[in-house]
Every structure is written in structure tokens, then in C-alpha cells.
Amino acid sequence: MAGFAPAALGAAPPFDPRRWSSVRAQFSLDPRLTNFATFLLAPHPRQVRDAIARHARALDRDAKRYLDRQEDRNRADQRVRNAAARYLGANADEIALTDSTTMGLGLLYGGLRLEEDDEVITTTHDFYSTHESLRLRALRTGAHVRKVRLYQNARATSVDELVSAVRRAVTPKTRVVALTWVHSSTGVKLPIRAIADVLPTRVLLCVDGVHGFGVEATTPRQLGCDFLASGCHKWLFGPRGTGIIWGRAEAWDAVTPTIPTFDGRAFRPWMEGRAPDLPRSAAMTPGGFHTFEHRWALAEAFEFRRRIGRVRTATRTHQLAQRLKNGLAEIKHVRLVTPQSPALSAGIVCFEVEGQEPFDLVERLYVRHRIVASVTPYATRYVRLGPSILNTPAEVDRVVRAVASSRR
Ligand SMILES: Cc1ncc(COP(=O)(O)O)c(C=O)c1O
């Protein structure tokens with residue numbers, strides 16, 4: 001853990017967003033571990049831990065009055081939406097608040113208005129949450145869902161191959177294309193902008209963005225999709241149990257909410273027998289009581305990340321991932337799965353080692369080297385490392401050495 005003293009409890013050093021060591025010091029990671037799986041379920045930086053504790057304390061003391069204060073004119077949710085909008089270069093009314101990527105995808109794919117013959121296209125590379133949301137939608141409404149393969153060999157794929165595969169799949173009946181920005185199965189990052197550019201305007205492009213969100217500098221609008229659903233508890237290091245759906249202002253009309261929102265602009269009219277009057281994104285923010293301390297501390301997470309900067313984050317993560325891929329590529333018994341090009345990859349790095357089961361290697365890395373890695377949760381399994389802004393070049397070199405020695 002060279003160069004990083006673990007932060008003493010209650011005495012974290014002042015935060016300097018320009019220094020990666022200071023960024024790392026805001027987290028209470030186990031200093032004995034080299035953690036390449038922080039993206040799985042986010043550790044909270046001090047700013048988020050403090051905000052959660054503040055809200056939890058107030059709710060424990062007098063939940064009724066604290067809720068009244070926070071919910072007055074949707075004050076707390078609006079604060080979160082504003083912070084998200086500032087970070088994403090978006091409009092606050094384009095953002096719905098959810099609890100996870102999966103909740104966002106379920107609400108989106110469950111709520112998109114489709115006619116009887118409309119078709120949804122997705123791919124064989126997407127995660128369970130996309131496939132299952134669409135399967136459930138098809139069960140309920142008979143919607144037609146078709147899965148296409150975009151590439152055979154992840155490492156050798158190209159922008160042209162990916163864009164052409166989507167373009168070929170679209171038929172006159174296609175109404176929705178459901179993709180994942182960065183595949184957690186292979187680390188391939190889709191050229192969403194280029195794909196958006198070849199789709200007819202009648203087709204809605206919906207994206208599971210979770211492994212690009214908090215890594216890439218690209219804003220949702222620059223990405224070119226109509227909807228982007230993402231958890232905030234992976235690469236963004238936001239509170240566990242938080243997420244967003246961003247939708248292009250003009251696209252939101254295509255979705256009908258499923259879970260009643262508790263937004264005052266819907267709740268009050270209900271009491272007064274009037275129709276709700278609120279942006280569709282707010283109506284798509286599920287109501288019911290939540291772990292409010294986590295939901296509200298999301299504002300601090302976005303502010304923390306805004307101070308570090310989207311561009312600096314993307315540059316750092318790509319540098320670490322490139323260094324890792326370069327190191328792994330030199331090892332004879334390693335086969336890299338993730339493309340080398342930063343245009344076609346983000347932070348996820350997948351690979352296999354000749355003669356070794358991924359689970360065995362992940363276990364050996366932990367037991368022998370105290371390195372935390374993971375295995376892709378798909379039918380084809382690879383070892384997966386996720387260098388993030390919490391890692392250092394020295395840690396990357398350490399994991400490369402550990403993998404190189406793994407056959408000895
Ligand atoms: C591509 C992808 N989407 C969604 C998820 C689930 O995210 P969440 O826990 O925010 O629902 C995962 C992994 O956990 C994933 O790899």
C-alpha cells in the first residue's frame with residue numbers, strides 16, 4: 001500500500017481533489033489489500049459517510065419533523081437531482097432517482113410504450129438485469145424481444161463491426177434498442193454515439209450505463225442515447241442503494257411510470273382530486289419510504305466526483321487499465337479478452353490464464369497476494385480486474401507480477 005497511510009478514525013486529512021493519494025485517503029479501504037474490485041459495490045468516501053450519518057442521526061431523533069423539512073417542496077430530492085445534473089452536464093428534470101441499475105432498467109423496460117407488433121432488440125452480451133427486464137416485459141405484454149450478437153472475438157472487435165451489427169439487426173418493426181455501454185462480460189465499451197447516429201429516429205436507444213458511469217468523461221447527452229440507467233454505487237462510489245435514470249427531455253414521454261412517486265407535485269394533487277403536474281422524470285422516481293440517508297447523501301457523492309473532475313477521472317482510469325493490459329499482454333500464459341483501444345474499453349479488464357479456472361485464480365490471488373479480483377457473472381467466465389481512481393500504478397504492477405507468477 002505504498003504511499004498511503006490509512007486514515008485514522010475521525011481524523012481524515014483535508015481533501016485535495018488534485019491528488020490521487022488524497023482521493024484514496026477519503027475511503028476506509030482495508031490497507032492490507034490491493035483491491036481491484038471496488039467497482040462491484042462502492043466503498044463510501046468520507047464526505048458520503050458523514051452525510052449518511054448526519055441524515056441517519058436526524059431521522060433517529062425525530063423522523064417526522066426531519067422528513068417534513070426534507071420533503072418540503074421536494075427539497076432533498078431536488079438537491080440530489082441538481083448535484084447529479086451539475087456533474088453530468090444535464091438538466092435536473094432529465095433525471096429520475098432509483099435504487100440501482102436494475103431498478104432503473106426494470107422501470108424503463110417495463111414502462112416503455114410499445115404497440116402490439118413493435119420489436120425490441122438487445123444483445124447476447126448484456127447483463128442479467130437487461131435480459132430479465134425484457135423477458136418479464138415480454139411475458140406481461142407479448143412484446144417481441146430479439147437478441148443479437150455484436151462480436152465473436154471481443155479483443156479483436158472494431159467500431160465498424162459493432163455499429164454494423166446493430167444497424168443490420170434493426171427492422172421496420174424495431175422500436176427500442178437495449179444495449180450496455182461497457183460489457184461486464186468482456187470489458188468491451190460500445191461506441192454508443194456512433195450507434196445512435198445510424199439508428200432511425202423512431203428507434204429509442206436505451207443503455208445500461210453502469211460500467212461507464214463514474215469512469216468516462218462523456219455526458220449522457222454526448223453519448224447520444226435516449227435513456228441511460230445506472231447505479232451510483234459502482235464506479236461513482238455513491239451511496240449503496242442509489243441509482244439514476246437519465247432521459248433526453250423529449251424522450252421521457254415514451255415511458256409510463258410503474259411505482260407511484262411520492263413527489264409532492266403528484267401527492268398533493270392526489271389529495272385535492274387534481275391531476276399530477278410534474279416532469280415525467282420525477283414521476284418515474286419511485287415513491288414509498290427509502291433508506292433516505294443514502295438517497296440524500298448522493299448529492300455529496302456527485303459533488304465529491306465533480307471536484308475530482310470527469311476528465312481527470314477518465315484519464316486516470318484509462319491510464320491504469322492500459323498499464324494493466326500492457327503488463328498482462330506480456331505474460332505468455334495470459335489471454336486478454338478486453339480490447340486494447342481506449343475507444344473500445346473502459347476500466348474493466350477481463351482475461352484468462354491457460355490451464356486455470358477463473359475462480360481458482362481469483363482465490364489464489366487473494367490468499368497468496370491479498371489481491372481482490374472477481375469473476376465475470378456470465379455463462380463464459382473470465383477473471384476480471386477493475387482498476388479505479390482508488391488504485392495506483394504500483395498496485396497495477398503488483399497485480400501483473402502476481403498473475404505472471406500464478407503458474408509457478
Ligand atoms: C452491466 C451490469 N448492469 C447492471 C448490474 C447490476 O447493477 P445494480 O446492482 O446497480 O442493479 C451489473 C452488475 O452488478 C452489471 O454488470
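Order of listing sets the numbers, starting from 1, for every ligand and every atom in it. Throughout, residue positions are numbered sequentially from 1 according to the sequence presented.
Scanning the protein heavy atoms around atom 7 (O) of ligand 1, the nearest turns out to be Thr101 OG1, 3.2 Å. When hydrogens are left out, the protein atom nearest atom 16 (O) of ligand 1 is Ser184 OG, 2.6 Å; that is the closest non-hydrogen contact. Atom 9 (O) of ligand 1 has His233 NE2, 3.6 Å as its closest protein atom, hydrogens excluded (heavy atom only). With respect to atom 11 (O) of ligand 1, the closest heavy atom belonging to the protein is Thr102 OG1, 2.5 Å.
For ligand 1, the atoms sitting less than 4.0 Å from at least one non-hydrogen atom of Ser100 are 8 (P), 10 (O), 11 (O), numbered in the order shown with element in parentheses.
At a heavy-atom cutoff of 4.0 Å, ligand 1 is contacted by the side chain of Val210 but not by its backbone.
The shortest N/O to N/O separation between Ser129 and ligand 1 does not fall below 3.5 Å. Ligand 1 has an N or O atom lying under 3.5 Å from an N or O atom of Lys234, backbone or side chain.
Here the closest non-hydrogen pair linking Leu114 and Arg175 is CD2-CG, 3.6 Å.
The closest heavy-atom contact to atom 15 (C) of ligand 1, among the options Met103, His125, Arg240, His211, comes from His211. In the candidate list Asp208, Thr242, Asp126, Asp208 is nearest to atom 1 (C) of ligand 1, counting heavy atoms.
In this structure, Arg280 does not pair ionically with Asp93, as no charged nitrogen and carboxylate oxygen lie closer than 4.0 Å.
Looking at heavy atoms from C-beta onward, Leu199 lies in side-chain contact with Val166 at the 4.5 angstrom threshold.
With Trp296 as the aromatic partner, Arg75 does not meet the cation-pi criteria of under 6.0 angstrom to the ring centre and within 45 degrees of the ring axis. Cation-pi geometry between Arg370 and Tyr366 is satisfied (NZ or CZ under 6.0 Å from the ring centre, within 45° of the ring normal).
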>> Go through it in stages, so that I can follow the logic: the residues are His211 and Phe39, the test is side chain to side chain contact (heavy atoms under 4.5 Å, CB included), and I'd like the CA-CA distance, side-chain angles, deciding distance and then a yes or no.
In response: CA-CA 8 Å; His211 294 294; Phe39 71 92; 3.8 Å; yes

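Using bins of under 30°, 30° to 60° and over 60° for the plane-to-plane angle, the ring pair His125/Tyr151 lands in the parallel bin.
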